[in-house]
Each structure stands twice: as structure tokens, then as C-alpha cells.
Amino acid sequence: MESLKQILAKYNLSLKKAFGQNFLSDEELLKDIVEKAGVTKDDIVMEIGCGAGALTRHLASKAKKVVGYEIDTRLKPILSDMLAEYNNVEIVFSDVMKVSLEQIEKKLGGEYILVANLPYYITTPIIMRFLENAKNIKGMVIMVQEEVAYRLASKNSTSDYGAITVAINLRGEAEVIINVGREKFTPPPNVDSAVVKITIDKNKFAGVDLKKVREVVRIAFSSRRKMLVNNLMNGYRIDRQKAEQVLIKAGLPLTIRGENLSAEDFVNLSQVINEKD
Ligand code: SAM
């Protein structure tokens with residue numbers, strides 16, 4: 001098989017930094033990602049950012065069906081060559097952020113796993129979008145900057161913990177499964193990366209109005225250094241007495257900060273705030 005460098009030279013393709021084009025070519029690493037993602041012949045996979053198709057090929061060899069989204073139409077000839085032997089792959093040449101989730105999920109046609117070596121500039125919007133709005137997602141296996149990976153998988157009361165961690169914990173849980181040094185990419189980026197696996201549990205907080213919980217989370221992290229009581233006062237336009245009553249009713253100390261609360265605490269707090277007096 002031709003190396004990535006040979007393929008890029010053959011097609012005279014210069015990689016675009018603006019699209020986060022750092023490509024993988026280490027076959028062992030690619031195999032490892034797909035294996036740890038747990039992709040089987042029954043699975044539908046969505047891939048964001050197919051690049052030269054290195055990961056797409058491995059996914060296609062294990063999955064029932066792969067639908068990939070790639071913004072850069074210059075990659076069309078490379079991808080059609082690289083994927084010629086697979087008839088279970090479809091590549092959509094679009095900016096994935098401009099395609100509606102409804103359309104994406106319709107095309108996927110059932111429950112799916114999102115697997116992606118994400119361009120770093122859209123990491124957070126992609127993760128939030130799928131966590132908050134996707135209906136049929138079973139899990140995500142995503143390569144992100146190492147420091148972001150640890151943030152996604154962090155525990156409350158640590159400095160890494162933030163609103164995105166809570167968003168994950170409201171739907172499932174995250175773990176860092178593979179560390180990837182910058183030298184594994186062509187060209188090497190300025191930072192190391194890691195693969196995070198997010199397992200979605202459909203029954204987690206079933207029946208809870210997650211929209212309302214997300215509102216509390218947003219308010220709790222609106223000013224990270226402030227105590228929760230102050231953020232509640234500003235966010236809900238209530239006086240200190242009322243905000244303290246809410247915390248007492250939720251069984252939380254008056255001095256607590258948003259970063260100390262688990263997803264369960266946020267669900268409980270949201271129920272207290274939104275109950276009719
Ligand atoms: N999957 C390949 C690999 O592992 O070698 C490429 C990964 S590279 C980090 C990210 C890819 O995402 C690039 O091919 C880039 O063109 C594509 N991309 C960037 N922004 C995108 C967007 N908004 N929608 C779809 N693809 C995008």
C-alpha cells in the first residue's frame with residue numbers, strides 16, 4: 001500500500017491548516033482506535049472529517065455501514081481510490097456543521113457510533129451538538145487534544161471539570177482510551193492528542209427535563225470563580241435569600257461552586273429550582 005506521503009504527492013495535495021488537516025497513517029493505531037471503539041458488523045458508523053480515508057478504511061472493514069462527512073472537496077479523488085474496495089461507505093462532501101442533525105440521522109438510518117479524528121476548532125461545538133440534540137447516538141469515539149480529553153473525562157471538584165463534562169455525564173460517561181503523540185500525525189500538530197470514548201446511556205436521567213438542567217449548568221459555570229449562590233442570583237434574577245433557600249433545599253452547602261457539583265447534583269438542583277412554590 002502507498003504511504004500517506006506518496007498519496008499526497010501523487011495527488012499534489014497540500015494540507016490545509018484551516019481545516020485542521022493533520023492526518024494519521026499509523027496502521028496499528030488506526031486498528032486500535034476501531035477495536036477500542038467496539039465497532040462490529042452490526043454497527044452503523046458516522047465519521048466526521050475523513051481526510052485521506054485512513055480511519056474510514058478501518059471503519060468500513062469492521063462496520064455494517066459508514067457515512068463520512070468531509071468539508072474539503074479536493075479529497076474526492078483520494079477518497080474514492082482509498083475506499084474503492086468498500087461498498088458500505090458513503091462520503092458526503094459538506095461542512096458537517098451546516099447539515100442538520102435530522103438530515104444526518106436520516107441518512108444514517110438507525111442507531112450509530114460517531115467516530116472522528118476531529119479538527120480541533122470544532123471539537124466542542126460538535127460534542128455539544130450531538131450530546132444535546134442527537135436522538136440515535138450510541139457512543140462517540142473521538143480524537144481530541146490531550147488536555148481536552150482529560151477535561152471531558154474529569155471528575156467534579158477537579159480543575160479540569162467544566163460545563164462540557166457535565167453535559168457528557170448527563171447522557172453517559174467518558175474515558176480516555178488511547179494517548180497519541182503528536183509525531184503520529186502528518187504534519188505533526190503543536191500538541192499531543194488522546195482518544196476519548198463516550199458511552200451514551202439512553203436510560204440515564206430518563207424522564208428528567210435535561211433542557212432545564214442544562215440551563216442550571218450554564219448559569220453555574222457562567223462565572224467560574226464565583227460561588228454558586230451568586231451565579232444563581234444573577235442567572236435567575238433572584239435575591240440572596242431565595243438563592244440560599246434553593247441550595248438548602250437541594251442539600252448543598254451555601255459556599256459551594258458549580259465545579260463541585262456532579263451531574264446528579266445538577267439534576268436535583270434543577271428540580272428544586274423549577275418546582276412550583
Ligand atoms: N480522519 C483523517 C485521519 O485521521 O487522518 C483526517 C483527520 S483531520 C484531523 C480532520 C479532517 O476533517 C480533515 O480532513 C478536514 O478537511 C475535515 N474537516 C474539517 N472541518 C470539517 C467540517 N466542518 N466538516 C467536515 N469535515 C471537516
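When a ligand or atom number is given, it counts from 1 through the structure's own listing order.
Comment: Asp201 does not engage Lys204 in a salt bridge, judged by the lack of any side-chain N to carboxylate O separation of less than 4.0 angstrom. Of the charged side-chain nitrogens involved, at least one lies within less than 4.0 Å of a carboxylate oxygen, so that Arg218 and Glu215 count as a salt-bridged pair.
Ring geometry for Phe266 against Phe221 counts as tilted: the plane angle lies between 30° and 60°, on a 0 to 90° scale.
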Pairs under 3.5 Å, nitrogen or oxygen of ligand 1 with protein nitrogen or oxygen:
from, atom 1, to, atom 2, distance (Å)
ligand 1, 1 (N), Glu47, OE2, 3.4
ligand 1, 1 (N), Gly49, O, 2.8
ligand 1, 4 (O), Asn117, ND2, 2.9
ligand 1, 5 (O), Leu24, N, 2.8
ligand 1, 14 (O), Gly51, N, 3.3
ligand 1, 14 (O), Glu70, OE1, 2.8
ligand 1, 16 (O), Gln21, NE2, 2.9
ligand 1, 16 (O), Glu70, OE2, 2.6
ligand 1, 20 (N), Tyr121, OH, 2.7
ligand 1, 23 (N), Asp95, OD1, 2.8
ligand 1, 24 (N), Val96, N, 3.0
ligand 1, 26 (N), Ile71, N, 3.2

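A donor and an acceptor atom, one from each side chain of Arg224 and Asn231, are nowhere located under 3.5 Å apart.
In this structure, the side chain of Asp265 engages the main chain of Ser262 through a donor-acceptor pair within 3.5 Å.
Counting heavy atoms from C-beta on, the side chains of His58 and Glu27 come closer than 4.5 Å.
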